[in-house]
Amino acid sequence: MDNVTIARLLDETAALLEIDAADPFRIRSYRRAAEAVEQQTQQLAEIAQDPKALLAIPGIGKGMAANVRDLVATGSMPLRDELLTKYRPTMLDLLRLPGMGPKTVALLWSALEISDIDALEAAAKAGHLAKLPRFGQKLIDKIAKGIEDYRKNSGRFRIDDADETAARIAALILEFPGIDTVTPAGSLRRGRETVGDLDLLVTGPACEPDIVSAAVEHVAGLPLISQVIAKGQNKVSFLMRNNLQVDVRLLPRATYGAALQYFTGSKMHNVSLRQRAIKQGFTLSEYGLARLDDNAIVAGATEADVYAALGLDYIAPELRENCGEIEAAATYTLPALITRADIRGDVHMHTTATDGADTILAMAEAALARGYGYIAITDHSKNLAMTNGLDDARALEHVRQIRAVDQEMNGRIRVFPGIEVDILLDGSLDLEDSTLAEMDVVVASIHSHFGLPAEQQTERILRALGNPYLRILGHPTGRILLRREPYAFDLDKVLRKASALGVAVEHNASPARADLNDRNLRLAKELGCRISVNTDAHSTDELDKMRFGITQLRRAWLSPSDVLNTLEADAFLAALRPRP
DNA sequence: GCCGTTTTCGGCCCGACTGTTTTCAGTCG
């Protein structure tokens with residue numbers, strides 16, 4: 001049983017406990033344990049026998065360690081089995097409907113034996129719901145709408161899509177006079193790969209409490225709104241036509257920092273922070289950090305003020321997942337995180353020679369404009385026929401053209417010849433060694449042969465890693481965004497061998513193609529892998545996706561020294577060569 | 001169920017909005 005499954009079962013148990021009206025703190029401990037398990041780089045199934053190893057994980061104590069051992073050994077655990085005799089796992093679907101909480105789900109079950117969405121819909125249509133206490137027509141309508149939306153779109157939104165939507169909404173909000181700042185908060189600001197909804201914080205002179213209502217009306221009347229869900233004194237929640245929910249809060253400047261801190265989350269980070277505040281004699285809310293004895297606000301204008309007043313270094317939003325960042329900030333041991341400015345080159349991109357939209361020269365100019373010192377052009381090889389992949393002859397001609405552009409740039413930016421090769425079933429690369437020898441950067445892609453059994457897939461990749469010309473392994477970590485099924489291969493084995501051979505692993509910066517999550521990136525670092533972050537750009541615009549890749553590296557606590565392409569051109573090329 | 005520079009027991013974060021209510025429970029973030 002892998003960590004993701006263990007985490008899911010613990011989380012499911014938490015939800016069932018909630019429906020069972022159990023002690024809220026006990027429920028929280030299950031949720032906290034689930035999150036901790038999901039973040040572990042080590043597979044719990046492998047260390048479950050070692051009692052100390054499990055207890056070393058924050059949030060896992062004696063009871064939870066026993067639960068984990070049971071899950072690994074039997075696939076379930078006593079408490080979960082007991083709850084499943086009283087309730088159904090499909091109730092978790094009900095909890096995802098807006099306005100549906102544990103109390104309502106419990107009521108539906110005890111009164112009408114409703115345990116899934118189909119039954120709920122049928123009961124609503126048959127008029128059974130109206131007989132229940134607290135069920136007015138409005139609530140019943142809300143449930144019907146919720147079911148409809150759930151069926152239409154129950155997924156999360158990719159960070160780049162959410163980012164673009166946020167920018168569009170922000171521009172419209174900023175048209176209102178007296179509004180000067182719109183900041184995305186929530187999981188978008190923390191850089192999660194996907195976001196469930198959008199949190200936008202707004203401030204400016206028009207957001208002072210006595211006059212804010214006019215600005216609230218402006219937001220509630222934005223043209224791209226499909227439906228307003230809630231509207232309060234300083235808050236508007238609405239749905240976009242694509243069903244993305246947006247929460248906008250309009251807040252006075254004096255407490256904007258506290259609000260930003262609060263609404264950036266994560267929830268567990270905030271809980272820990274507020275516990276710390278109480279221990280130090282403060283109470284922390286979205287309105288500021290206040291002294292417990294006289295309610296005087298001591299910090300709130302900026303986030304840095306709030307953290308400083310609690311004796312903490314400033315914590316970057318990407319780190320706020322309650323994974324040790326507060327402890328590190330308290331001891332001044334947070335890492336110096338990598339920034340966009342640290343990246344000196346992007347060495348994975350395509351041109352019109354295969355499936356790219358722009359020429360070699362256009363890509364070089366665009367990279368130069370973004371401040372890079374070097375790029376590598378890595379078009380596809382022949383096995384990816386649908387991309388017009390290059391055979392040996394065309395690949396060699398392409399190298400000549402790339403070198404010509406390199407000359408033309410006259411040292412303003414270096415342009416390295418490269419190729420993105422395909423790995424064949426027997427683990428060989430699909431071009432001749434003599435062709436590969438002409439390339440400075442050889443990226444091997446592992447994204448084909450989806451259907452191969454995991455063991456064979458792993459074997460195929462491990463063999464490819466032995467190719468002396470291979471420089472970078474692309475798509476290395478076994479997870480594709482928004483795809484239910486992960487690639488089937490042994491990630492740990494692949495990373496271990498890549499590390500031993502000195503083959504770099506690539507973190508694909510483009511959210512559309514990205515496959516490394518922060519847990520996997522941490523594992524790569526722990527195993528001593530060299531890591532390269534590249535956009536896999538298919539047009540000049542896509543070079544800007546680099547910032548999303550950087551965000552993911554920051555979430556994994558990576559510093560500039562952990563990443564290869566923070567090096568300047570010559571040093572980068574030298575470092576790319578496999579270890580002797 | 002977890003956790004401990006006030007601890008092995010007794011704590012465990014905070015406020016707003018909604019809908020159905022005559023003072024509040026439930027949900028949400």
Side-chain angles (χ1 to χ4, degrees), chain A residues 10 13-14 17-19 21-36 54-68 77 79 94-108 129-130 132-143 146 185-188 190 195-201 216 228-237 245-251 255 258-259 261-290 292 295 310-311 322 327 330-331:
Chain A
L10 290 177
T13 305
L17 280 170
E18 220 170 10
I19 294 168
D23 173 19
F25 299 107
R26 191 181 177 205
I27 295 165
R28 180 195 289 174
S29 67
Y30 275 86
R31 290 245 150 81
R32 190 165 136 73
E35 282 184 17
L54 286 182
L55 290 174
I57 301 169
I60 294 191
K62 260 180 85 178
M64 204 59 73
N67 284 333
V68 170
M77 55 195 222
L79 175 62
L94 292 178
L95 281 175
R96 290 198 192 97
L97 296 174
M100 270 290 187
K103 294 290 190 315
T104 313
V105 171
L107 175 67
L108 288 170
L129 298 183
L132 297 173
R134 293 197 318 271
F135 274 76
Q137 193 55 44
K138 274 194 167 177
L139 188 54
I140 292 171
D141 291 346
K142 185 176 178 178
I143 288 170
S187 47
L188 176 59
R190 299 202 311 280
V195 303
D197 56 23
L198 217 53
D199 290 293
L200 296 179
L201 300 194
V216 167
V228 174
I229 301 170
K231 190 170 78 173
Q233 281 186 350
N234 61 0
K235 175 191 163 174
V236 183
S237 292
Q245 181 175 331
V246 184
D247 298 325
V248 181
R249 291 181 176 80
L250 301 97
L251 304 152
T255 57
Q261 194 291 312
Y262 185 90
F263 289 111
T264 296
S266 67
K267 196 172 174 148
M268 293 306 279
H269 172 86
N270 285 356
V271 168
S272 292
L273 207 60
R274 275 170 269 160
Q275 278 171 358
R276 183 181 175 87
I278 284 179
K279 274 187 197 154
Q280 301 188 346
F282 301 107
T283 171
L284 179 61
S285 76
E286 60 263 53
Y287 300 109
L289 185 69
L292 275 173
N295 285 330
L310 291 170
N322 200 33
E327 292 78 358
T331 52

inquiry  = I need the NZ-C1' distance between A:Lys235 and B:dT27, as an integer number of Å.
reply    =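 Spelled out: NZ on A:Lys235 to C1' on B:dT27 is 10 Å.
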request  = Quickly work out the A:Lys62 NZ to B:dC9 P distance and round it to whole Å.
outcome  =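 One finds 13 Å between P of B:dC9 and NZ of A:Lys62, rounded.
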Check every atom of [options] against the side chain of [X] and return the nucleotide holding the closest atom.
X        : options                : value
A:Arg28  : B:dG29, B:dC12, B:dT27 : B:dC12
A:Lys138 : B:dT20, B:dC2, B:dT27  : B:dT20
A:Gln275 : B:dC12, B:dA16, B:dC17 : B:dC12
A:Lys103 : B:dG29, B:dG1, B:dT27  : B:dT27
A:Thr104 : B:dG26, B:dG19, B:dC12 : B:dG26
A:Leu79  : B:dG29, B:dG1, B:dC12  : B:dG1
A:Asn234 : B:dG15, B:dG1, B:dC17  : B:dC17
A:Phe25  : B:dC14, B:dC12, B:dC2  : B:dC12

Heavy atoms only, 4.0 Å cut-off, all strands: where does [X] land among base, sugar-phosphate and nothing?
X        : value
A:Asp197 : sugar-phosphate
A:Ser272 : nothing
A:Asn270 : nothing
A:Gln137 : sugar-phosphate
A:Arg134 : sugar-phosphate
A:Pro58  : sugar-phosphate
A:Leu273 : nothing

message = Can you confirm whether A:Gln233 is buried at CD, in the sense that more than 12 heavy atoms of other residues, nucleotides or ligands lie under 6.0 Å from that atom?
response =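 For A:Gln233, atom CD is not crowded (no more than 12 foreign heavy atoms under 6.0 Å).
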Base-pairing assignment for B:dA16 (Watson-Crick or G-U wobble, both under 3.5 Å) =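 Its partner is B:dT27 (Watson-Crick or G-U wobble, both distances under 3.5 Å).
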key: P spacing across the pair B:dT21 / B:dA16, given as an integer number of angstrom   =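 About 24 Å, rounded to a whole number of Å.
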query = Do A:Tyr262 side-chain and B:dG29 base share a donor-acceptor contact under 3.5 Å?
reply =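 Under the 3.5 Å cut-off, the side chain and the base do form a donor-acceptor pair.
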Smallest separation among heavy atoms of A:Gly59 and A:Ala33, with atom names =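 In terms of heavy atoms, the two residues are closest at O-CB, 3.9 Å.
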Side-chain ion pair, A:Glu35 and A:Lys267, N-O less than 4.0 Å =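 The answer is no: the pair does not qualify as a salt bridge.
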query = Is any side-chain N or O of A:Tyr30 closer than 4.0 Å to OP1 or OP2 of B:dC2?
reply =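 Checking B:dC2 against A:Tyr30, no side-chain N or O comes under 4.0 Å of OP1 or OP2.
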query = Taking the side chain as C-beta and beyond, is there a heavy-atom pair between A:Arg249 and A:Asp199 under 4.5 Å?
reply =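 Contact flag for A:Arg249/A:Asp199 side chains = yes.
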key: Within-4.5 Å side-chain heavy-atom neighbours: A:Asp247 and A:Phe263   =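 No, their side chains stay 4.5 Å or more apart.
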